[in-house]
Structure formats: C-alpha cells, structure tokens
Amino acid sequence: MNLQEAFEHYFQDISPEGRVHCPYRVCPIGAHVDHQHGLVSGFALDHGVNLIYAKSDEPIIEIHSLNFEGQIRFTIKSEPHIHRDWGDYARAAMKSLFEHGYEIKHGFSGVIEGTLPVGGLSSSAAVVLAYLAVLCRVNDLSPKRSDIIKMALWAEQKFIGLNIGKLDQSCEVYCKKNHLLYLDTQDDSYENIPCSVNMSPYKIGIFFSGVPRALVNSAYNARVDECRAAAYSLKAYGGMDYEKIADTYLREVPEELFRKYKGRLPENFSKRAEHYYSEYSRVKKGVEAWKKGDLHAFGQIIFESGNSSIYNYESGSPELRTLHKIMLDTAGIYGGRFSGAGFKGCCMAIVDPNYTEQIEETVTKKYLEAFPELRGKFSVHFCDTSDGVTL
Ligand code: GLA
C-alpha cells in the first residue's frame, strides 16, 4: 500500500488535503559535539518522512503508519502523557507548540511513512518536524524556521527525554541540495557551502547495520554527562567561573586549559574532551577541503572523525565498528563514519558514483561474513543530497 491508498483505506469518507516531506540527515564531520555547543556539518538526504493529512475540525489527531503497527488517536491537550509508543513524537510536537505559546485547536487525520529503515539518520527529528509542520498548517500558524528548530528540539529533549543537541533539526530545516551545511551550534550562525566547480561527482552511501537504533536506552545521555563533567572540572582547575553543571559546555573552556589540565581528569572524561577539541578543528579543515572541491581530503577527515568517535568518544557497537573498518579498505569510498548517535543504526560514506555496485558487493560480503545472522536485515542505499523541510 502506498500513502494515498493507505489514507483511503483508513479514512474512507475523507480525502487528503496536503503532504509534508521532511528529509533525513547525515553529519559527515562534527559528531557528538552539538550538545557541547560545537561546530557541525551536515547534508539532508533525498529520503525521509512523508506525511499526508486532512485537517480535522475536531481537536483530534489520528495517525496511521506504513512502518509501525496500530493507530494513534488522541485529543489535543496541553498536558499529554508519554505512552512509550510511536505516537509520542506527535504528542511531543503538540506539547511543544503549547509550551512555546501557540494555540492549536485543529487536529488532523494522517498517514506517515519513512522511506529508509530507522536508525542513525535522525528519523525522530524528521517525524517531529513533519508533525509540527502539519499542526502549523492546519492551525494557520507560521513560526520562523529557527523557532521550528527550537520546538522540535524541545520536543525530543523535554518530552522524549534525550539530552541531544540541535544538529538533526538544524540539518533537516536549513540544508540545501548539493550544499554542505556548516553550523555553529553555539550561536546558530550557519552557511550552506555549495559544491565547488572542481568537485568530482559524489553520492552518499548509507549502510544499515541491521541493528535498529534505540537512543533512549543507549549510552547517549551518559556521554553528554561525561562531557559536562570534563568541562566543569576544567573550569574549576583553570579558575573560571562556573554555575550549574547542566549549563556547562566544553565550548566555554579554551583548549589551552584542556591541554594544561587534562592529566588531572579521569581518563574517560579526558577522552571525551579530546574528541570534542579534535572534532572542532576537523570540522574547520573539512569545510576548507569541501570549499576546494577536494573530496579525497574531505573523506579522509570523515574517516578520522569516525576513528575519534570509536577511540575517544567510545561510541559504536561491534557491528558499526566492523562497518567502519570495512569502509576504510573499500575502493570508491572517499570517507565514512557512524551516522548519528552511533550506538546502533548505520554508517554513512561519501562515495564515487562509478563504484556503487562494487562498494555494495564488497561491503555486503565482508559484513555478512562477520555477522551472518544479519542477512536480510543489513542493507545498502545510495542517496543524493536534498533541501530541508518545506514549512
Ligand atoms: C544524535 C543526536 C544529535 C547528535 C548526534 C551525534 O543524532 O540527536 O543531537 O548529537 O546524535 O552527532
């Protein structure tokens, strides 16, 4: 069933009035640093979440999914409860609108789908953004793009309960086709840097490990706390002012302080900080390589970023680490790393389009030799970049 057929099947007496598409994202360099107010880069993909809907005069939201079982149906109210089901992302979007002072009276009937498997491409931010976009449309609200990002972030941080940064939402809103988004998550300044005229063609390879992502249960929040603890201790060693640990970020601590006092930090905290500072300079170098059109240099920096995520940030599952290793030795891959939180999910790579068949064959063969039980679950996709969500 496609979306239209599903809509007709579930809502027999009404027709869809509109459609929202929100892309997925990948972050080639600048991983795990947005929650420390670091520098990030990103692309939106030509795959994502599609939602078709019809406005409801009642304050009722009713959604079906092509990917998840069951129907989600609830009445609009400002204090929803979390249910720990796929409907929580719609509840989170609704709650966030109220929280930010918007009045919503109209609900909608909708059917939603994701066009790639879940895990590592930030489908959760894409889903929240799609619900926010629909709720705004049916209630005649037109928040600024920066406010939509804030609301989507609030939804995941405060309602779903993850200490994430703003990388995913910003990419899915600000990115432009064939441009690299370069964003400073401290002050939200950003640039969309076009492909250079010297640049060879490229595609974005996505390698799904076959193990779905589960951020809420992952070590994601623990890593954020380790970074905060490092920043807090470094501030104290360096005689800087500090207040609440929850409002402390590595971005506020000059790198010289880290170099001077890192020996006093517990090893784990020091490694997380090492990742942060080295990623900061990698993003800058990567942006320069992209500007010059040098995909080899850009790719190399992505690989280095991936290594730092493995050895300093210590994220990644055995499956993702194996994929990373395979990518390092595969012809036609300029560079690659885990995508997203990197505890499960997928790896992304910048690839030469002339090699896609060969890459798929080599990576699949080697990966399934290591994890034969994931046959049928592991998958490879080649994507192009795209624009962010249209609001
Ligand atoms: C997840 C989070 C983002 C970011 C990445 C890692 O996708 O939602 O905020 O921290 O992991 O770079």
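Remember, it's 1-based here, ligands and their atoms both numbered in the order they're listed. The model shown is predicted, which means the values in this text are computed figures rather than measured ones.
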Original post:
If we only count N/O pairs under 3.5 Å, is D34 in contact with ligand 1?
Top reply: yes

**OP:** Might you point out which heavy atoms bring N163 and V224 nearest each other, and give the distance in Å?
**Re:** O-CG2, 3.7 Å

Original post:
Which of the atoms in ligand 1, numbered in the order shown and given with their element, are less than 4.0 Å from a heavy-atom of D168?
Top reply: 1 (C), 2 (C), 3 (C), 7 (O), 8 (O)

**OP:** Determine whether Y10 and V138 fall in the same hydrophobic cluster, where Ile, Leu, Val, Met, Phe, Trp and Tyr are linked whenever their side-chain heavy atoms lie under 4.5 Å apart.
**Re:** no

**OP:** Could you list which atoms of ligand 1 come closer than 4.0 Å to a heavy atom of R25?
**Re:** 7 (O)

Original post:
Between V33 and ligand 1, is there a nitrogen or oxygen pair with a distance under 3.5 Å?
Top reply: no

**OP:** Would you mind running through ligand 1 and noting each atom that sits below 4.0 Å from a heavy atom of I164?
**Re:** 2 (C), 8 (O), 9 (O)

Original post:
Do Y334 and W290 make the cut of ring centroids closer than 6.0 angstrom?
Top reply: no

**OP:** Give yes or no for whether the N/O distance cutoff of 3.5 Å, strictly under, is met between G165 and ligand 1.
**Re:** yes

Subject >> ligand 1 atoms in contact with A341 (distance to a heavy atom under 4.0 Å) >> reply: 1 (C), 7 (O), 11 (O)

**OP:** Give the contacting part of Q157 toward ligand 1: side chain, backbone, both or neither, where contact means a heavy-atom distance below 4.0 Å.
**Re:** neither

**OP:** Any side-chain hydrogen bond (donor to acceptor under 3.5 Å, both in side chains) involving residues 222-239? Give me the pairs, sequence neighbours left out, ordered by first then second residue.
**Re:** R223-E226, D225-R228, E226-R272, K235-E252

Subject >> Within-cut-off N or O pair, Y220 and ligand 1, under 3.5 Å >> reply: yes

**OP:** Kindly state each residue pair satisfying salt bridge (charged side-chain N to carboxylate O under 4.0 Å, His left out) with at least one member in residues 85-99, sequence neighbours excluded.
**Re:** E79-K95, D85-R91, D88-R91, K95-E99

**OP:** Mind telling me whether Y174 and Y190 have parallel, tilted or perpendicular rings, with 30° and 60° as the class edges?
**Re:** parallel

**OP:** Assess whether side chain to side chain contact (heavy atoms under 4.5 Å, CB included) is satisfied between H64 and F7, documenting all intermediate values.
**Re:** CA-CA 8 Å; H64 293 262; F7 195 98; over 6 Å; no

